[in-house]
Protein chains: 2
Amino acid sequence: MTTLKELAKRLNISISTVSKALNDSHEISDITKKRVNNLAEELNYKPNRIAQQLKNNKTKTIGVILPTVINPFFAEVLHGIEITATNFNYDIIVCLSNESLEKEKRSIELLSNGSVDGFIIAVARESQVNGVSKHIKEAIDRKIPVLMFDRVMHDITCNKVVVDDFKSVYTATDFLINEDKRSNILLVSNIEELSVGKLRTLGYEKAIQENELTSNILKLDNVENIDETIYNYLKANKSIDAILSLDHITGIVAINMAKKLGLKIPEDLSVIGFGYEHTNLLSSPKISIIHQKAHQIGEMSVKLLLQQLNTDNYGLETTIVPSELKLGRSTK
Amino acid sequence: MTTLKELAKRLNISISTVSKALNDSHEISDITKKRVNNLAEELNYKPNRIAQQLKNNKTKTIGVILPTVINPFFAEVLHGIEITATNFNYDIIVCLSNESLEKEKRSIELLSNGSVDGFIIAVARESQVNGVSKHIKEAIDRKIPVLMFDRVMHDITCNKVVVDDFKSVYTATDFLINEDKRSNILLVSNIEELSVGKLRTLGYEKAIQENELTSNILKLDNVENIDETIYNYLKANKSIDAILSLDHITGIVAINMAKKLGLKIPEDLSVIGFGYEHTNLLSSPKISIIHQKAHQIGEMSVKLLLQQLNTDNYGLETTIVPSELKLGRSTK
DNA sequence: TTGTACGCGTTATCAC
DNA sequence: GTGATAACGCGTACAA
């Protein structure tokens with residue numbers, strides 16, 4: 001790695017002159033600047049960023065803690081984060097908690113030693129279910145700004161970016177009842193334990209109650225054979241005329257299982273699921289989805305965090321990114 | 001941030017004594033160690049990693065450059081990389097090229113200033129199609145070890161981790177011919193332009209030729225309506241009795257379209273696609289896949305890179321991670 | 001057993 | 001217009 005020192009030695013001038021020349025300081029003569037720049041170019045000099053970080057006490061790096069990246073929602077959020085961070089000349093260090101509290105804790109602790117200027121976090125399932133937030137509070141106590149998205153914790157005071165979980169599911173349920181004229185709507189969920197799952201379920205229940213129907217929930221958390229379970233349920237409950245899935249998988253599985261049972265979609269059964277970009281390719285008929293603007297969530301998260309970093313105000317806002325009901329062919 | 005200096009001041013001892021005490025040096029008395037450790041604990045002291053990096057001229061960080069993370073293959077590789085890197089106490093800085101050469105180039109250049117100890121790269125589609133590799137050579141010239149996986153470039157000398165693209169597709173084709181007794185096998189591909197796509201196609205063609213059949217390729221690169229295209233093709237070519245998909249999407253689409261045409265799977269049509277963990281949930285019948293060990297590719301990549309980092313030998317090896325034909329219910 | 005001095009690479013302040 | 005010096009935080013060879 002070429003350093004200022006080396007350039008200085010080769011040119012027989014001082015380190016500080018080289019530094020100033022490279023930074024185009026007005027105190028340096030044009031001729032010296034030229035000499036310096038030429039050699040720097042030749043030796044492919046690049047200022048050592050670690051040294052700059054030490055000097056400035058800023059890393060221009062964001063720590064991103066995600067439960068997983070295999071779930072396309074988080075993958076797309078990460079995509080949004082990366083693009084936006086890059087635009088603002090920030091790097092991201094990514095840690096995957098793998099839904100484990102222990103791993104999440106360790107990652108945050110490790111990066112809290114000056115490695116990052118701030119965190120963007122979606123907490124692990126385990127952390128959320130058990131309500132453990134101490135490790136996140138510690139980062140905030142160390143004056144490292146934290147932004148939480150999607151899976152947030154209410155006892156933490158920080159900027160948050162969430163989806164309108166309650167409202168979007170309420171709207172979708174209402175759509176099934178009043179537009180699609182369905183009356184026996186099954187809610188299928190494998191994220192019942194999570195805050196987002198609970199909120200979504202509440203949205204469903206509110207719409208059901210307002211329309212004086214009965215709610216019907218099939219919980220699939222930790223279930224092995226999702227497909228068989230849905231198949232058997234549909235077989236045993238022929239009166240079901242709509243399915244609302246709270247995730248990006250079970251809706252598609254439901255369509256396949258319904259077809260296997262000879263049901264026509266959407267004539268006999270309407271299906272709405274959750275989805276993101278590119279999700280709709282995978283079912284026939286194309287599934288109607290509650291489209292979460294995952295990319296936008298990532299983008300927004302970075303912008304809010306950087307804003308906090310550059311103004312060092314306290315983060316207190318919760319931003320809601322609205323979802324959109326995107327009709328495919330699995331509803332009438 | 002608590003520093004050594006602050007601890008030293010509070011305890012009225014020198015900085016180096018504090019440093020040694022914290023590192024459990026034998027030169028320091030137990031009593032001093034105790035005092036130091038207690039205060040460090042109390043003030044939640046953690047050594048500033050940036051300073052350590054500057055001192056050691058090592059970042060313990062790997063730069064990971066991926067085309068995207070929305071494709072589940074790369075998502076799962078990233079997962080493998082993250083877990084393995086963490087195990088070895090390395091962080092990862094992730095950059096997404098978004099399939100753009102320009103972005104890839106910029107990311108590599110930016111991180112080549114001392115930010116990372118090495119790179120793990122899967123090149124962008126654009127870089128590969130145009131055969132542009134200068135930016136990667138530059139990193140290697142700067143003595144930053146590079147490991148390429150999956151999408152590799154043959155004019156670059158470095159450690160590589162690849163899938164057995166040729167062989168796995170050859171095997172799958174042969175299976176369709178000799179086990180499933182199919183004779184009219186359609187190859188469906190939307191990655192024809194990529195090195196992996198080309199290799200896979202060659203595997204298909206070899207098996208076809210060996211069995212004296214005729215090859216049949218439906219190229220879907222940059223096609224908008226994949227589903228309609230496949231539907232129309234199947235409709236116009238009723239003699240097709242098997243489909244081999246080179247990616248993780250079109251196989252599932254093919255199953256759905258075939259069912260729509262009234263074809264029975266696997267009786268009328270066998271289907272094999274590519275897939276990773278959790279892929280098989282999404283079709284009915286469950287799709288038979290060439291299972292790429294994406295997680296293992298990530299794991300292997302990290303291990304090989306770290307080995308190179310710690311022994312500073314030249315990277316010259318190409319490691320092949322074998323895939324596995326995982327039969328579902330879409331083949332006989 | 002403890003402390004002093006130096007260096008990692010950069011930048012900023014001050015002196016010449 | 002140029003150069004010397006200090007500082008960011010850490011670790012360590014050497015001196016006391």
Side-chain angles (χ1 to χ4, degrees), chain A residues 1-37 39-40 43-61 89 110-117 142-144, chain B residues 1-37 39-40 43-61 89 110-117 142-144:
Chain A
M1 285 245 351
T2 315
T3 65
L4 288 182
K5 194 198 268 187
E6 186 172 342
L7 294 180
K9 191 159 61 175
R10 294 213 192 200
L11 294 170
N12 261 322
I13 56 180
S14 78
I15 293 179
S16 45
T17 304
V18 177
S19 172
K20 286 174 187 166
L22 288 170
N23 290 314
D24 202 24
S25 162
H26 54 271
E27 332 176 20
I28 304 293
S29 70
D30 284 352
I31 183 160
T32 309
K33 280 185 190 169
K34 201 137 235 165
R35 287 182 67 215
V36 171
N37 281 313
L39 187 62
L43 299 185
N44 203 357
Y45 168 79
K46 285 189 189 129
N48 182 319
R49 199 150 79 96
I50 304 298
Q52 287 178 322
Q53 290 176 357
L54 183 62
K55 189 95 186 74
N56 303 328
N57 201 20
K58 277 188 185 160
T59 61
K60 298 269 264 174
T61 303
N89 280 314
L110 282 176
L111 295 182
S112 293
N113 59 4
S115 296
V116 301
D117 293 343
R142 284 172 159 274
K143 310 288 179 216
I144 308 178
Chain B
M1 285 248 350
T2 316
T3 63
L4 288 182
K5 194 199 267 186
E6 186 173 342
L7 294 179
K9 191 160 60 174
R10 294 214 192 200
L11 294 171
N12 261 323
I13 56 180
S14 81
I15 293 178
S16 58
T17 305
V18 177
S19 172
K20 286 174 187 166
L22 287 171
N23 290 315
D24 202 24
S25 161
H26 53 271
E27 332 176 13
I28 304 294
S29 70
D30 285 352
I31 182 159
T32 309
K33 280 185 189 168
K34 202 138 234 166
R35 287 182 67 214
V36 171
N37 280 313
L39 187 62
L43 298 185
N44 202 358
Y45 168 80
K46 284 186 189 131
N48 182 318
R49 199 150 79 97
I50 303 298
Q52 287 179 320
Q53 290 176 357
L54 185 60
K55 185 103 188 64
N56 303 328
N57 201 19
K58 276 187 187 163
T59 60
K60 298 269 264 173
T61 302
N89 280 315
L110 283 177
L111 295 183
S112 294
N113 58 5
S115 297
V116 300
D117 292 344
R142 285 171 158 274
K143 310 287 179 215
I144 308 178

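Chain letters run A, B, ... following the sequence lines, proteins first and then strands; every chain starts at 1. Please read all numbers here as calculations on a predicted model, not as lab measurements.
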Hey, could you give me the CD1/OG distance between I28(A) and S19(A), rounded to the nearest 0.5 Å?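 One gets 9.0 Å once the value is rounded to the nearest 0.5 Å.
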Would you compute the distance between atom CG of L111(A) and atom OG1 of T61(A) and round it to the nearest 0.5 angstrom?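 It is 10.0 Å, given to the nearest 0.5 Å.
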Nearest heavy-atom pair of [X] and [Y]: which atoms, and what distance?
X       : Y       : value
A21(B)  : N37(B)  : O-ND2, 4.4 Å
K33(A)  : D24(A)  : NZ-OD1, 3.0 Å
Q53(B)  : I50(A)  : OE1-CD1, 3.0 Å
S112(B) : M1(A)   : O-SD, 4.3 Å
K60(A)  : N89(A)  : CE-O, 3.8 Å
P47(A)  : N113(B) : O-CB, 3.6 Å

For the residue pair [X] and [Y], establish whether any side-chain heavy-atom pair is separated by less than 4.5 Å.
X      : Y      : result
L11(B) : V36(B) : yes
Y45(B) : L4(B)  : yes
R10(A) : E6(A)  : yes

Taking five pairs at each end, how big is the angle between the two axes of the helix from dT1(C)-dA16(D) to dC16(C)-dG1(D), to 10°?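 Rounded to the nearest 10 degrees, the bend comes out at 60°.
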Base, sugar-phosphate or nothing for I13(A)? Non-hydrogen atoms, less than 4.0 Å.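 It contacts sugar-phosphate atoms only.
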Need two values: the first and the last nucleotide of DNA chain C, 5' to 3', having an atom under 4.0 Å from any heavy-atom of chain A.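 From 5' to 3', the first and last contacting nucleotides are dC8(C) to dC14(C).
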Which residue, I28(B) or A51(A), contacts DNA chain C at a nucleotide closer to its 5' end, judged by nearest heavy atom?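 Its nearest nucleotide being more 5', the pick is I28(B).
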Taking only residues two or more places apart in sequence, or in another chain, which ones meet D117(B) in a side-chain hydrogen bond (donor to acceptor under 3.5 Å, both in side chains)?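 Testing D117(B) for side-chain hydrogen bond (donor to acceptor under 3.5 Å, both in side chains), a comparison that skips the adjacent residues, returns T59(B).
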Leading and trailing nucleotides of DNA chain D with any atom under 4.0 Å from heavy atoms of chain B: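 Going 5' to 3' along DNA chain D, contacts run dC8(D) to dC14(D).
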Please give me every residue in residues 52-59 of chain A whose heavy atoms get under 4.0 Å of an atom in DNA chain C, ordered by residue number.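 Output list: Q52(A), K55(A).
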With a 4.0 Å heavy-atom cut-off, tell me which residues in residues 14-27 of chain A come close to DNA chain D, sorted by residue number.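 By residue number: S14(A), S16(A), T17(A), K20(A), H26(A), E27(A).
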